[in-house]
Amino acid sequence: MKSLHELGRCCLSNGLSGNFKATKEKSFTWSKALIIFICSGTFVFFSLHPVNVYSQNPKQPIPDGTEGETFPKPYDSLHDLSKKDKWENWNEFDGPLTTLKFGIGFMAEFAGFSQDSTSKEQVPGATNNTSVRDFRYTMAGIVKSEREITWKAGINYDGNTGTWRIRETGIQFKMPELSGYIFVGRTKEGYSLQKIQNGFTLWRFERPMIQDLVPILGDGIKYSGYFPKQHLQWTLGTYFNIFGNENQPQTTFKRAITTRLVWMPIYSTPTNAVLHIALNYRYGRVLGDTIQVRSKPEVSKSPYFVDSKKFWSDYTNSISGEIYYRAGPFMAGTEFAAHYVHSPENGNPIFTGAFFFLLYSFTGETRPYMPNFGIFTFQNVKKSVFKGGPGNIEATVSFSNINLDNGAITGGKFWRLTPEIFWSLTRNYFTTIAYGFGVLNKDNLKGDTQFFQWRIGFWF
């Protein structure tokens, strides 16, 4: 067995290029994840002591990262809460240097498939299954300084891949000089509303297929600015492959630059009517000059239905648009995208797709909008089931498609239509059920598949 010194020298000489055996790579990945998490946790743990002197007291909730979460209580009131507030803020604590808010989330689901004979020939191995979709633990806090500074650390078990991963982890600085925030660390790249939002806030089982080419997370620095007079929100980020071949989705690319401009011609408050129009652009330098574009049919435990296989490419350019409209309990929206893959030997393929949806809350709830980051956030519930109410009951219908047939690449075409019922028992507990019908056009064959999905989960 190699000594730690030899292992470190090997890492440097190989540039973390993935030449280790799988067991060593997993061990090294776990070590990095554990060190980051323990260090941040230890710092917070030893700072948890009451203090009554503060240099800032914001009137508005402070953003907890960039995914739509907030610190709901001004931190100078955490030490003097009523019994009701203590119950509602049970996961928030006060300290001399920083506050601490810890969170936990869990999702489990069932997925069923009914394929015709052609679909079984195209996609073998689609079997009914029950699995843990997501389990995550997060910590976050507000640093007590004149400038608003927050920190965040998260780790999750991804049932889709069966691996543990570091989620949004880093430090965020409020920049009044720039009308926004700067986040340093691992964060959402800032491309596509559906990919930026916390997965627990979405009204769909999975994100749109066409956005699968773009990683959710990146390691780098991101600016998020909001200009209320102009009704504009702007995001600009640059990301680097810091961890080499670590088992993380962002390692498809060596580096990337992402930008997003959101225009809100209709917006006044988080729950009033909003019209959201956005344009996204992303440049990605491909890792190892080899890329593989593929997507599942919006079912986490499923074989890939469309797959380009691996082919040579040195960079990609992605562009997409967003239109969302929400008025009271009604919401409608679409995202459409084109991904240009530079690969002259394969005809420089362009992969396209889109998704559309309609949503209505029968119990009258409104999904709040967060203009600082141009996204929707956690759903409020007027009266929870545990207090004798119905909770929030929403119905949605969506259409999603992806086309990986272009140039010399024949990865297939697939579309899916999905009606769905989403029931929030409280703001924290939810369940959802969906039926889907999809058609795969691949290898000169057309196969039909029916999908049956059910999910339960909670988030604090």
Do Glu420 and Ser398 touch side chain to side chain, with heavy atoms closer than 4.5 Å? no
With a 4.5 Å heavy-atom cut-off, do Val397 and Thr418 have their side chains touching? no
Between the main-chain N or O of Gly159 and the side-chain N or O of Lys301, is there a donor-acceptor pair closer than 3.5 Å? yes
The criterion is side chain to side chain contact (heavy atoms under 4.5 Å, CB included); which residues satisfy it with Tyr283, sequence neighbours excluded? Tyr281, Arg285, Tyr315, Asn317
Is it true that Asn280 and Thr259 share a donor-acceptor pair across their side chains at a distance under 3.5 Å? no
So do Phe422 and Phe430 actually touch side chain to side chain, heavy atoms under 4.5 Å? yes
For the pair Glu365 and Arg427, find out whether any cationic side-chain nitrogen is under 4.0 Å from an anionic carboxylate oxygen. no
Is the shortest heavy-atom distance from the side chain of Ile62 to the side chain of Glu148 under 4.5 Å? yes
Could I get the full list of side chain to side chain donor-acceptor pair (under 3.5 Å) partners for Asn372, not counting sequence neighbours? none
With sequence neighbours left out, write down each residue that passes side chain to side chain donor-acceptor pair (under 3.5 Å) with Lys188, or none if nothing qualifies. none
Using the ring of each side chain (for Trp, its six-membered ring), is Phe458 parallel, tilted or perpendicular to Phe460, with breaks at 30° and 60°? tilted
Side chains of Thr290 and Lys310: is there a donor and an acceptor less than 3.5 Å apart? no
Looking only at side chains, do Lys222 and Thr235 share a donor and an acceptor under 3.5 Å apart? no
Is Asp158 salt-bridged to Arg133, cutoff N-O under 4.0 Å? yes
Do the ring planes of Tyr429 and Phe386 sit parallel (below 30°), tilted (30 to 60°) or perpendicular (above 60°)? perpendicular
Could you tell me the separation between the CD1 atom of Ile402 and the NE2 atom of His339, rounded to the nearest 0.5 Å? 7.0 Å
Is any side-chain heavy atom of Thr98 closer than 4.5 Å to a side-chain heavy atom of Trp151? yes
Candidate pair Met331 and Phe376, rule side chain to side chain contact (heavy atoms under 4.5 Å, CB included), full reasoning: CA-CA 11 Å; Met331 182 158 61; Phe376 294 93; 3.6 Å; yes
With distance as the sole criterion, is a donor-acceptor pair present between the side chains of Thr366 and Thr271 under 3.5 Å? no
Quick one: list whatever passes salt bridge (charged side-chain N to carboxylate O under 4.0 Å, His left out) with Glu335, sequence neighbours left out. none
To check you understand the geometry: which heavy-atom pair defines the closest contact between Thr169 and Ala153, and what is its length? OG1-CA, 3.6 Å
Who pairs with Arg367 by salt bridge (charged side-chain N to carboxylate O under 4.0 Å, His left out), at least two apart in sequence or on another chain? Glu394
Between CG of Asp219 and CD1 of Ile166, what distance do you get to the nearest 0.5 Å? 8.0 Å
Using 0.5 Å steps for rounding, measure from the OG atom of Ser400 to the CZ atom of Phe414. 8.5 Å
Gln379 versus Asn392, closest heavy-atom pair with distance: NE2-ND2, 3.3 Å
Just grab all the ring-ring contact (aromatic ring centres under 6.0 Å, His included) pairs involving residues 175-197, residues at least two apart or on different chains. Tyr181-Phe373
Between Ser302 and Lys296, the two heavy atoms sitting closest are O-CE, 3.1 Å
Arg326 side chain vs Asn272 backbone, donor-acceptor pair below 3.5 Å: yes
Once salt bridge (Lys or Arg N to Asp or Glu O under 4.0 Å) is applied, what residue pairs with a partner in residues 195-205 remain, sequence neighbours excluded? Arg204-Glu298
Axial cation check for Phe305 ring with Arg294, 6.0 Å and 45° limits: no
Please list all pairs passing the ring-ring contact (aromatic ring centres under 6.0 Å, His included) test where one or both residues lie in residues 207-229, with sequence neighbours left out. Tyr223-Trp234
Side chain to side chain contact (heavy atoms under 4.5 Å, CB included) between Leu279 and Arg260: does it pass, once the steps are laid out? CA-CA 6 Å; Leu279 181 66; Arg260 177 175 182 251; over 6 Å; no
Check whether the side chains of Glu322 and Ser320 place a donor and an acceptor atom closer than 3.5 Å, and report yes or no. no
Side chains of Thr238 and Arg255, heavy atoms from C-beta outward: is any pair under 4.5 Å? no
Geometric cation-pi criterion Arg416 and Phe451, 6.0 Å radius, 45° cone: yes
Is the shortest side-chain heavy-atom distance between Ile323 and Tyr325 below 4.5 Å? no
Run the salt bridge (charged side-chain N to carboxylate O under 4.0 Å, His left out) test against Glu109 and tell me which residues pass, sequence neighbours left out. Arg455
Side-chain H-bond candidate by donor/acceptor type, Thr432 with Trp454, under 3.5 Å: no
Between the side chains of His276 and Tyr369, does any donor sit under 3.5 Å from an acceptor? yes
Working to the nearest 0.5 angstrom, can you tell me the gap between Asn428 CG and Phe200 CZ? 11.5 Å
Note: Leu202 and Gln197 closest approach over all heavy atoms is CD2-NE2, 3.5 Å
Indicate yes or no for a side-chain donor-acceptor contact from Ser384 to the backbone of Thr426 under 3.5 Å, with no hydrogens or angles considered. no
Which pair of non-hydrogen atoms, one from Leu193 and one from Gly374, has the smallest distance, and what is that distance? CD1-O, 3.5 Å
Run Ile182 and Ile221 through side chain to side chain contact (heavy atoms under 4.5 Å, CB included) and show every step you take. CA-CA 7 Å; Ile182 289 179; Ile221 182 169; 3.8 Å; yes
Which pairs, with at least one residue in residues 375-386 and sequence neighbours excluded, count as a salt bridge (Lys or Arg N to Asp or Glu O under 4.0 Å)? none
As an exercise, state the distance from CZ of Phe173 to CD1 of Ile149, rounded to the nearest 0.5 Å. 5.0 Å
Any ion pair linking Arg186 and Glu168 (charged N to carboxylate O, less than 4.0 Å)? no
Drop me the distance from Asp64's CG to Glu69's CD, to the nearest 0.5 angstrom. 5.0 Å
Contact list for residues 233-242, test salt bridge (Lys or Arg N to Asp or Glu O under 4.0 Å), sequence neighbours left out: none
Taken in chain and number order and not counting sequence neighbours, the residues that satisfy salt bridge (charged side-chain N to carboxylate O under 4.0 Å, His left out) with Asp134 are Arg136
Do the non-hydrogen side-chain atoms of Leu287 and Asn241 ever get within less than 4.5 Å of each other? yes
For Asn198 and Thr201, which I'm curious about, is there any donor-acceptor pair between the side chains at under 3.5 Å? no
Restricting to non-hydrogen atoms, name the atom on Trp423 and the atom on Ile393 that form the minimum distance, rounded to 0.1 Å. CD1-CG1, 3.6 Å
